[in-house]
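See structure below.
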Amino acid sequence: MTDAPRPEARAPRGFNDRRARDLAAERQILAKVSAVYERYGFEAFDTGAFEYADALGKFLPDADRPNEGVFALQDDDEQWMALRYDLTAPLARFVAETKEGLPKPFRRYAFGPVWRNEKPGPGRFREFIQCDADTVGSARPEADAEIIAMAVEGLEAAGLPAGSAVIKINNRKLLNGLLTTAGVQNDVQKLAVLRAVDKLDRLGPEGVRLLLGEGRKDESGDFTKGAGLNAAGAEAVLAFVGAGLSGRAETLDQIANIIGGSAEGDAGLAELAAIDKALTSLGVGVERAAFDPSIVRGLEYYTGAVFEAELLLKTKDEKGRGVRFGSIGGGGRYDDLVARFTGEQVPATGFSFGVSRLVSALRAAGRDLGDAVRGPVVVIAFTPDDMAHYFSVVGELRAAGIPAEVYLGSAGMKAQMKYADRRMAPAAIMLGGDEIAAGKVTIKDLDLGRVLSSGVADNAEWREQRPGQQTIDRAELVAAVRKILEAGQ
RNA sequence: GCCGCCUUAGCUCAGUUGGUUAGAGCGCUAGAUUGUGGCUCUAGAGGUCCUCGGUUCGAAUCCGAGAGGUGGUACCA
């Protein structure tokens, strides 16, 4: 032994270990969503985990803070590389790189881990699985509509029942038109107004009014400086974000009354009208996709339509209080992203959601998702001398498509039964000297035993009964195990 | 990033006006039961009392700094 300090066994913060239960849920969601996306004509396309840092966009590592926002390292040619923080930026790089050879519009979907180097919190990690779909090379509003329709259907396929989530849609051009109407002068004020609007669902109209004007002090005493709009401007903004409780066409009419006339606003209205029409013909009603003028999303990024998937299911925390889960995904039109590389504008639109976030949303809503991960049938190992017999049993079961294993630890039989129980094995198989000599095998139905044992208080009786246990001819093994598995369905 | 609160066993937590050997429940390991998962009983393992520094005869306890967690706020491509 040396005096070297022992390493502390812990995962870096913000990184998760995921066991079978979570992985099963994730895979199930991804399989279902992929099937929907492929049905819409989207092809699978993935990129590597690393990109050159300058390709990722605004968070460029510099010499002082190379890891701001992203995980970055220097390649042996001194170039900065960074782990991707989403799936969209790498796609833009790929499209710019291969634009000659790509059939356009290019429709693709992808899922995989992304990494963000920032402070983790509850439900917020530094590595998480994202699922993303994009159409690159179409400026048509119908491309947005199709992404929205697909998102709706994908989330439903993933396990969100109809009516439990809604896609809320807005258009950045409307917001820009609104800013003109409200008399916003510069970019600083513009950002402040958009941030204020974004908080409508949390702070309510009064909170937003304060943020639009002088500013607002929150419960912790922290003061957030306001946008400094005059009263008329603030009213216009509030009237705008207050629209959108009715049907899609009605919402557009209301908005037109407030901001109609500005060129950009009118363009946004026309796009939303086209999206409405396409959604209707795709069979997506207002209960699944609605216009909501208060949706903002990322400020620097989106150029046209923006969408956000909001969970409507009532969820509760462990104390039984209602919790609003809020956004489970979002997206929009980003026409400038490829132009960063080529100088040539390539219109694009997409939607992405966090897979583990969706899993926890479904769980919070009381949906079972891979909750009962069954273990294999466990063959009890009595003595090393009979290993050959044990392995012939698992071989038979595996050949029949039944997950099975020989217990390979060193514990006694009692511990082996406990092991089988804890792994949620459907059955344990006992092949001791007696059975081998008689050409028999003993099968214990662990599920049945679980049920029967609740009615037995006395231990001697419990042992006597051997609940759920049967000894049969060796040749009937597979059939008997199958029967147990079917009963457990 | 900024502000508040918290940190004692694998988990949930108790404790001490600063005083020998730091506790409980659950969980874990094993025995009662030499071939049987539950129940019951019994025993055992498991702790740098977050870290470093200070005050003190003496610190898990008081003070300071840091780390981690958490709630709010900011940001969220």
Side-chain angles (χ1 to χ4, degrees), chain A residues 5-6 8-10 12-14 51 55-60 65 68-70 82 84-90 92 114-124 130 132 191-192 195 198-199 202-203 207 211 216-225 296-302 318 327 330-332 334 336-337 340 350 352 354 375 378 380-383 407 411-435 442-469 471:
Chain A
R6 292 196 174 128
E8 195 178 343
R10 53 165 193 162
R13 63 206 181 93
E51 291 288 331
L56 283 183
K58 74 177 192 180
F59 290 98
L60 298 183
R65 305 184 304 170
E68 188 69 12
V70 298
R84 63 186 183 196
Y85 57 79
D86 71 6
L87 299 173
T88 313
V114 301
W115 296 269
R116 296 184 184 186
N117 190 4
E118 54 193 31
K119 184 182 150 191
R124 189 167 170 162
Q130 216 175 46
D132 181 82
L191 289 178
R195 279 180 199 139
D198 199 26
K199 292 186 175 57
R202 213 148 37 81
L203 302 181
L211 283 175
R216 175 178 178 275
K217 191 183 278 194
D218 62 44
E219 302 93 67
S220 76
D222 231 29
F223 184 76
T224 310
K225 195 171 178 299
V296 176
R297 306 288 304 166
L299 299 174
E300 314 269 346
Y301 188 70
Y302 294 111
E318 58 277 6
S327 165
Y334 50 98
D336 293 336
L337 218 55
R340 289 187 47 245
S352 60
V378 172
I380 304 293
F382 289 91
T383 158
Y407 176 81
M413 176 165 186
K414 188 181 167 86
Q416 295 188 37
M417 292 300 295
K418 216 167 179 172
Y419 169 84
D421 185 43
R422 216 172 295 167
R423 290 210 55 191
M424 288 295 288
I429 300 213
M430 281 160 274
L431 198 60
D434 299 347
E435 284 94 345
T442 296
I443 303 177
K444 180 158 189 151
D445 182 336
L446 293 173
D447 288 341
L448 187 57
R450 253 173 227 121
V451 174
L452 295 177
S453 71
S454 61
V456 183
D458 180 67
N459 183 253
E461 187 188 344
W462 150 258
R463 284 169 54 75
E464 187 68 28
Q465 274 192 4
R466 302 266 152 97
Q469 195 164 319
T471 298

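So that the names make sense, note that chain A is the first sequence line, chain B the second, and so on, each numbered from 1.
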Can you tell me which nucleotide in [options] comes closest to the side chain of [X]?
| X | options | value |
| --- | --- | --- |
| A:Met417 | B:rA77, B:rG69, B:rG37 | B:rG37 |
| A:Tyr302 | B:rA77, B:rA30, B:rA74 | B:rA77 |
| A:Asp421 | B:rC76, B:rG37, B:rU36 | B:rG37 |
| A:Thr442 | B:rA74, B:rG35, B:rG69 | B:rG35 |

Note to self: What's A:Arg13 touching, base or sugar-phosphate or nothing? Going by heavy atoms closer than 4.0 Å.
What the structure shows: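 Sugar-phosphate, backbone atoms only, no base.
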Next item on the list: Apply side-chain contact (heavy atoms from CB on, under 4.5 Å) to A:Asp434 and list each qualifying residue two or more places apart in sequence or on a separate chain.
Entry: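 Not a single residue meets the side-chain contact (heavy atoms from CB on, under 4.5 Å) criterion with A:Asp434.
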Notebook entry, point to check: By side-chain contact (heavy atoms from CB on, under 4.5 Å), which residues pair with A:Lys199, not counting sequence neighbours?
Noted result: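 If we apply the side-chain contact (heavy atoms from CB on, under 4.5 Å) test to A:Lys199, skipping adjacent residues, the hits are A:Arg195, A:Arg202, A:Leu203, A:Leu211.
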Separation between the [atom1] atoms of [N] and [M], rounded to whole Å:
| N | M | atom1 | answer |
| --- | --- | --- | --- |
| B:rU7 | B:rU12 | C1' | 14 Å |
| B:rG25 | B:rG66 | P | 39 Å |
| B:rG19 | B:rG27 | C1' | 33 Å |
| B:rG53 | B:rU61 | P | 13 Å |
| B:rG38 | B:rU33 | C1' | 14 Å |
| B:rA22 | B:rU8 | C1' | 8 Å |
| B:rC75 | B:rC6 | P | 28 Å |
| B:rC50 | B:rC39 | C1' | 39 Å |

Notebook entry, point to check: How about A:Asp86 and A:Asp132: do any of their side-chain heavy atoms sit closer than 4.5 Å?
Noted result: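 Contact flag for A:Asp86/A:Asp132 side chains = no.
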Atom pair distance, as rounded to whole Å: [atom1] in [X] and [atom2] in [N]:
| X | N | atom1 | atom2 | value |
| --- | --- | --- | --- | --- |
| A:Met424 | B:rG37 | CE | C1' | 12 Å |
| A:Tyr419 | B:rU36 | OH | C1' | 17 Å |
| A:Leu191 | B:rA74 | CG | C1' | 13 Å |
| A:Asp447 | B:rU36 | CG | P | 21 Å |
| A:Asp434 | B:rU36 | CG | P | 13 Å |
| A:Arg297 | B:rC76 | CZ | C1' | 9 Å |
| A:Arg116 | B:rA77 | CZ | C1' | 7 Å |
| A:Met413 | B:rU36 | CE | P | 6 Å |

At a cut-off of 3.5 Å, list every protein nitrogen or oxygen paired with a nitrogen or oxygen from nucleotides 25-29 of chain B, distance to 0.1 Å.
residue, atom, partner, partner atom, Å
B:rU29, OP2, A:Arg422, NH2, 3.4

Margin query: By nearest heavy atom, map A:Asp86 and A:Gly468 onto RNA chain B; which one lands nearer the 5' end?
Written below: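 Whichever sits nearer the 5' end wins; that is A:Gly468.
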Next item on the list: Run the numbers on A:Met417 and A:Leu446 for side-chain contact (heavy atoms from CB on, under 4.5 Å), then give the verdict.
Entry: CA-CA 9 Å; A:Met417 292 300 295; A:Leu446 293 173; 3.9 Å; yes
Next item on the list: Represent RNA chain B in dot-bracket notation, 5' to 3'. Only Watson-Crick or G-U wobble pairs with both distances under 3.5 Å count; pseudoknot-style crossings use [ ] and interstrand partners use |.
Entry: (((((((..((((.....[...)))).(((((.......))))).....(((((..]....))))))))))))....
Next item on the list: For A:Asp421, enumerate each residue passing the salt bridge (charged side-chain N to carboxylate O under 4.0 Å, His left out) test, keeping only those at least two apart in sequence or located in another chain.
Entry: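 A:Arg450.
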Note to self: Which residues pass the salt bridge (charged side-chain N to carboxylate O under 4.0 Å, His left out) test with A:Asp445, not counting sequence neighbours?
What the structure shows: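 With neighbours one apart ignored, the set is empty.
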Quick check: any donor-acceptor pair below 3.5 Å linking the side-chain of [X] to the base of [N]?
| X | N | answer |
| --- | --- | --- |
| A:Lys414 | B:rU36 | no |
| A:Glu435 | B:rG35 | yes |
| A:Gln469 | B:rU36 | yes |

Checklist line | Atom pair CG (A:Leu337) and OH (A:Tyr301), whose distance is rounded to the nearest 0.5 Å | finding: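 The CG atom of A:Leu337 sits 5.0 Å away from the OH atom of A:Tyr301.
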Item checked: Separation of A:Arg297 CZ from A:Asp198 CG (nearest 0.5 Å) ->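 So the CG of A:Asp198 and the CZ of A:Arg297 are separated by 8.5 Å.
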Next item on the list: For A:Tyr419, check ring pair (Phe, Tyr, Trp, His ring centres under 6.0 Å) against everything at least two apart and list the hits.
Entry: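 Expected list: A:Tyr407.
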Item checked: Under the side-chain hydrogen bond (donor to acceptor under 3.5 Å, both in side chains) test, residues paired with A:Gln416 that sit two or more places apart ->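 side-chain hydrogen bond (donor to acceptor under 3.5 Å, both in side chains) list for A:Gln416, sorted by chain: empty.
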Checklist line | With sequence neighbours excluded, residues passing side-chain hydrogen bond (donor to acceptor under 3.5 Å, both in side chains) with A:Thr442 | finding: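 Checked A:Thr442 against side-chain hydrogen bond (donor to acceptor under 3.5 Å, both in side chains); matches are A:Glu435, A:Thr471.
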Margin query: Looking at B:rC76, I'd like to know if its phosphate oxygens (OP1 or OP2) sit under 4.0 Å from a side-chain N or O belonging to A:Lys199.
Written below: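 No, A:Lys199 has no side-chain N/O under 4.0 Å of OP1/OP2 on B:rC76.
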Next item on the list: Output yes if the stacking criterion (under 5.5 Å between centres, under 30° between planes) is met for A:Phe382 over the base of B:rG35, else no.
Entry: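 Taking the rule of under 5.5 Å and under 30°, the ring of A:Phe382 does not stack on B:rG35.
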